[in-house]
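The chains referred to below are lettered A, B, ... by the order of the sequence lines, with proteins before strands, and numbering in each begins at 1.
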Amino acid sequence: MHGRVKLKSTAQQEEERRKEREKKLKVYLATREACFAKRKQGALDEDALQLTQQLLSSNPDFATLWNYRREILLHQETVREEDEVQKLYEAELAFLESCLKVNPKSYGSWHHRGWVCSRLPRPDWVRELGLCDRCLLLDDRNFHCWDYRRMVVKASAVPVDQELQFTDRLIGSNFSNYSSWHYRSTLLPLLHPQSPEVATLCPHRPSNSPTHSHRVCEEQLLKEYELVRNAFFTDPNDQSAWFYYRWLLGRAEREEMISCVYVCREGEKVVVAFSRPVKAKAVGLMLVLDGQPQEVEWVSAPPAVQHSPVWICELPPGTISDINNEHNLTVHWTETHTHRECALYTGRTESWCRDSATDQELFRCELSVEKTSVLQSELQSCTQLLELEPQNKWCLLTIILLMRALDPLGYEKETLAHFQTLKEVDLMRSCYYSDLCSKFMIENTILKMEYAEVRVFSLSHKNLSILCHLDQLLLVTHINLCSNQLIRIPPEFSMLQCLEVLEADDNVIESLEGLNNHLKLEAVSLRNNNIRLMSLLKPLASCPKLTRLDLRGNPVIQNENVQSELSELLLLVKNLVL
Amino acid sequence: GTQVKDVVIKPDAPNTLLLDKHADYIAAYGSKKDDYEYTLSEYLRMSGIYWGLTVMDLMDQLHRMNRDEILEFIRSCQHECGGISASVGHDPHLLYTLSAVQILSLYDNLGSINVDKVVEYVKGLQQDDGSFAGDKWGEIDTRFSFCAVATLALLGRLESVNLEKAVEFVLSCMNFDGGFGCRPGSESHAGQIYCCTGFLSVTGQLHRVNADLLGWWLCERQLPSGGLNGRPEKLPDVCYSWWVLASLKIIGRIHWIDKAKLRTFILACQDEETGGFADRPGDMVDPFHTLFGVAGLSLLGDEQIKPVNPVFCMPEDVLQRIGLHPEGFLTSENMLEMSR
Ligand SMILES: [Zn+2]
């Protein structure tokens, strides 16, 4: 029950209404009984159509009565001539139109209308389109009507470009129409698909291709920016156009492939990272060592999740432990028929083979000259708009996204400043902006690290509220997370399979579940965090090499017997600072 | 510029949770059987009972409802085909089949219907493209995909249908904004997003969601009043607040909205005289919005209410008893809560 305002009324009004309702109830119950009784008798006549009509015109959600009508109509089809059937169904459409006038949002009425059209000997799709137009004129967001319209368009094979013009018209008369922008997003990829050559060259080719990853060819894309720009310059606070614009700026899903293979003599482990979360079963993920297929068990990081980008296996003891032996590994991912090789040379304790984030165009695509210049001018327009509307959050966020598409490192300072403004002007969503900003800062740091080719990763003093892209940090040995706003070391942290030193001082960390089973972890510094309970330190007990731990400035150290309890829990930690 | 559609919360609007009044309201609701409005809603009676019972259980008041009468009613609504109808004399439908199975799960009494036949019914409604029809008349909707897998999961029979195809269909309803609609090409809508993220959680496929993009669209549903709407440019509503909030919880991004402001909005939708929640402050209350008001407050962490499961909209303790743990996003607060 929606939108029924509660009214104050006098006792007399109340009494009158009660009487009226009682009367209505009597009529209703009698009609309902009559309908049910007729159906029980198997009556499939016009009389029953009349009775159900009485109830449905005021209560179109009474689904069973629509079912009964369909039974009657199907029966009548068998006993009437085609012209008579046509007339019967046209009368049904007229009745439905009156129902839709009263209640344009009834699932039952719309579905029944579609059903009737599918039974009509001679359906009139032009009339149906006309009905949709009239209905959308009254409410241009009625999604029942939109869906019905899409059905009519499909059934009568209206060309896609004609439908695109239809959205042009609607958007032209009212920019603020989310439904039209949505419809456009489904039509454009059909009419102007990304050319197959580009799709093959670009590593972001959509695999499984659900509709959402359908992209639009660049030429059309550049035209589309202009249309949206007109929309948000006309009404800078209308979210529809901004949502659409973000979609235009977005990219297709990444192809599923092996992005890294890492092998290590200690523990005789192989780690495989994928570009997307996958479910690795022994059949799908095959490991060949020196030409011999190995029977191994793949475990996800973090463990016990169904889909993860990182999978680990242990080889039988003695397989690769001898440092004097050279080994060649091949990992096959049969789901997408890809494989990756990695050689472990004599005298080396570990080895890897991987695509960098840059190789994978993970955080930004190489832009064509044409696209770069268009995005530059888009950025200029948005900057102009921001001068007129300095508090406009949509404009601020779009500027950030344009800057990231153009040059994420070059615009880092401006991006941070815009995020700061965003958090102030849109306080309700400040956590969203913090998380998004964290993500971008981590991406930038990964890009910078790649230029330096180091395994020491510093994310300190970046105001991070979350950690992400941890699958990209598979090879990192030292990580510095000090002076952020982190509240937890998330489970995905177990993807850092090479980690030896973790510094995470001056955060608000409450939980450490991501520190389970870090086999190489030697030192952890967690000064000035928010760890309250001894039990929350349990993950550390599963790290066999952990010898140094700093817990100063955490509530947990105020517990009595903390020293003895801790040394009981963490037997191996020799250097404990409290 | 565009006027933001929203409501104003009056200073004298309720700002504390009136649990006793709500329990009284629901307990009395089923006794007005000769009421005109009550009779008009007969076509959804089974869901109505589920709303009432679930909110009572969340308030730990389930014992006040007439268990035996309800169980007998459900038995009388199962049809020869295995499906369950909203009420006696009505036709079976997936919507009411799920509601009935949810009620029986609350009462730990699944044995009182023919479970095998329910499974057969659900199975029979799956189409070649993986979608589900709501009943034999063929209406297709992602809501029914959710009803199908939720029903089967509660019965422990998820593998009875073609899950791969079912997932494929739901994913084909994903849109440019990361949301989902009724059918391929349909506009995103918070109710539908709840059904689809719930579906993907039950089937263990949440990684297919673009959680950052969808989460942004969802948190943009919050309006200055604190309430959430179901689509851009619409008014806030208690039930949409639930669909959005539960979806955010499922994809691990519930912290992206302002919880305190949403709580204020939901509390303002209470009726101090009659008990119950309305869609918006000052409107008429009903059991539907009463459930989603209370369940929303539970997701927001109100400790007077039992924890609610965001996928099934049932008390967590019931799902634990059944042994159901729908997938959640690892980065969600779930793990933190579990470790506490
Ligand atoms: Zn509502």
(message) When you measure from the centre of the six-membered ring of Trp216(B), is the NZ or CZ of Arg429(A) closer than 6.0 Å and no more than 45° off the axis?
(response) no
(request) Report the distance from atom OH of Tyr36(B) to atom CD of Glu20(A), rounding to the nearest 0.5 Å. (result) 9.5 Å
(request) If the plane angle is over 60° it's perpendicular, under 30° parallel, otherwise tilted; pick one for His90(B) and Phe62(A). (result) parallel
(request) Kindly compute the distance separating CG (Leu25(A)) from CD (Glu37(B)), expressed to the nearest 0.5 Å. (result) 9.5 Å
(request) Can you tell which part of Leu187(A) gets under 4.5 Å to a heavy atom of chain B, answering side chain, backbone, both or neither? (result) neither
(message) Looking at Lys6(A) and Asp271(B), is any side-chain nitrogen of the basic one under 4.0 Å from a carboxylate oxygen of the acidic one?
(response) yes
(request) Against chain B, label Tyr433(A) side chain, backbone, both or neither, depending on which of its atoms sit under 4.5 Å from a heavy atom there. (result) side chain
(message) Heavy-atom pairs under 4.5 Å with chain B: which of Ser240(A), Gly3(A), Ala63(A) has the most?
(response) Gly3(A)
(request) Please flag which part of Asn59(A) lies under 4.5 Å from any non-hydrogen atom of chain B: side chain, backbone, both or neither. (result) side chain
(request) With a 4.5 Å cut-off on heavy-atom pairs, point out which of Ser85(B), Gly215(B), Cys219(B) contacts chain A the most. (result) Cys219(B)
(request) Identify whether the distance between the nearest side-chain nitrogen and carboxylate oxygen of Glu220(B) and Lys393(A) falls below 4.0 Å. (result) yes
(request) Can you tell which part of Glu71(A) gets under 4.5 Å to a heavy atom of chain B, answering side chain, backbone, both or neither? (result) both
(request) Heavy atoms only, distances under 4.5 angstrom: which of Asp91(B), Leu44(B), Asp212(B) has the most pairs with chain A? Name it, please. (result) Asp91(B)
(request) Check each atom of Lys8(A) against the heavy atoms of chain B and say whether the ones under 4.5 Å are side chain, backbone, both or neither. (result) side chain
(message) Would you say that Tyr183(A) contacts Glu187(B) through its side chain, given a criterion of any heavy-atom pair below 4.5 Å between the two side chains?
(response) no
(request) Would you mind checking which part of His2(A) comes under 4.5 Å of any heavy atom in chain B, side chain (CB onward), backbone (N, CA, C, O), both or neither? (result) both
(message) Please classify the contact of Trp394(A) with chain B as side chain, backbone, both or neither, using a heavy-atom distance under 4.5 Å.
(response) side chain
(request) Please look at Asp279(B) and chain A and tell me whether the side chain, the backbone, both or neither of the residue comes under 4.5 angstrom of a heavy atom of that chain. (result) side chain
(request) Between chain A and each of Leu40(B), Asp286(B), Asp35(B), count heavy-atom pairs under 4.5 Å; write down the option with the most. (result) Leu40(B)
(request) Output yes when a side-chain donor or acceptor of Thr186(A) lies under 3.5 Å from a complementary backbone atom of Gly185(B), and no otherwise. (result) no
(message) Checking the side chain of Arg150(A) only, and the main-chain atoms of Arg183(B) only, is there a donor and an acceptor separated by less than 3.5 Å?
(response) no
(request) Using modelled atom types only, decide if a donor and an acceptor are shared between the side chain of Arg231(B) and the backbone of Arg141(A) within a distance under 3.5 Å. (result) yes
(request) Count the heavy-atom pairs under 4.5 Å between each of Phe36(A), Phe243(A), Trp146(A) and chain B, then report the option with the highest count. (result) Phe243(A)
(message) We want to know whether Asp177(B) and His182(A) form a side-chain donor-acceptor pair, criterion being a heavy-atom distance below 3.5 angstrom.
(response) no
(message) Side chains of Leu29(A) and Thr39(B), heavy atoms from C-beta outward: is any pair under 4.5 Å?
(response) yes
(message) Among Ile257(B), Leu235(B), Asp237(B), which residue has the highest count of heavy-atom pairs closer than 4.5 Å to chain A?
(response) Asp237(B)
(request) Indicate whether the side chain of Trp256(B) and that of Asp435(A) have a donor and an acceptor atom separated by less than 3.5 Å. (result) yes
(request) Against chain B, label Leu512(A) side chain, backbone, both or neither, depending on which of its atoms sit under 4.5 Å from a heavy atom there. (result) neither
(request) Please state whether the side chain, the backbone, both or neither of Leu223(B) comes within less than 4.5 Å of a heavy atom of chain A. (result) backbone
(message) Which atoms of Leu188(A) are under 4.5 Å from chain B, going by heavy atoms: the side chain, the backbone, both sets, or neither?
(response) neither
(request) Measure distances from Lys538(A) to the heavy atoms of chain B and classify the residue's part below 4.5 Å as side chain, backbone, both or neither. (result) neither
(request) For the residue pair His307(A) and Arg208(B), establish whether any side-chain heavy-atom pair is separated by less than 4.5 Å. (result) no
(message) Looking only at heavy atoms and a cut-off of under 4.5 Å, which of Trp115(A), Tyr68(A), Phe143(A) has the most pairs with chain B?
(response) Phe143(A)
(request) With a 4.5 angstrom heavy-atom cut-off, could you sort out which part of Glu168(B) is near chain A: side chain, backbone, both or neither? (result) neither
(request) Identify which part of Tyr43(B) has an atom lying under 4.5 Å from any heavy atom of chain A, answering side chain, backbone, both or neither. (result) side chain
(request) Assess whether side chain to side chain contact (heavy atoms under 4.5 Å, CB included) is satisfied between Tyr432(A) and His255(B), documenting all intermediate values. (result) CA-CA 8 Å; Tyr432(A) 168 66; His255(B) 61 291; over 6 Å; no
(message) Restricting to salt bridge (Lys or Arg N to Asp or Glu O under 4.0 Å), what partner residues turn up for Arg18(A), sequence neighbours left out?
(response) Glu15(A), Glu22(A)
(message) Can you tell me how far apart CZ (Arg32(A)) and CD (Glu42(B)) are? Round to the nearest 0.5 Å.
(response) 4.0 Å
(request) Sort out for me which of Asp426(A), Leu427(A), Asp147(A) touches chain B most, counting heavy-atom pairs under 4.5 Å. (result) Asp147(A)
(message) Please classify the contact between Val170(B) and chain A as side chain, backbone, both or neither, with a heavy-atom cut-off of under 4.5 Å.
(response) neither
(message) Which one wins on heavy-atom pair count under 4.5 Å against chain A: Arg280(B), His189(B), Arg143(B)?
(response) Arg143(B)
(request) For each of Lys136(B), Gln222(B), His93(B), tally heavy-atom pairs with chain A at distances under 4.5 Å, and name the one with the top tally. (result) Gln222(B)
(message) Distance check, rounded to the nearest 0.5 Å: Tyr107(A) atom OH versus Leu95(B) atom CG?
(response) 9.5 Å
(request) Determine, step by step, whether Asp238(A) and Glu233(B) satisfy the side chain to side chain contact (heavy atoms under 4.5 Å, CB included) criterion, reporting the C-alpha distance in whole Å, the side-chain angles of both residues, the deciding distance to 0.1 Å, and the verdict. (result) CA-CA 9 Å; Asp238(A) 167 39; Glu233(B) 322 286 1; 3.0 Å; yes
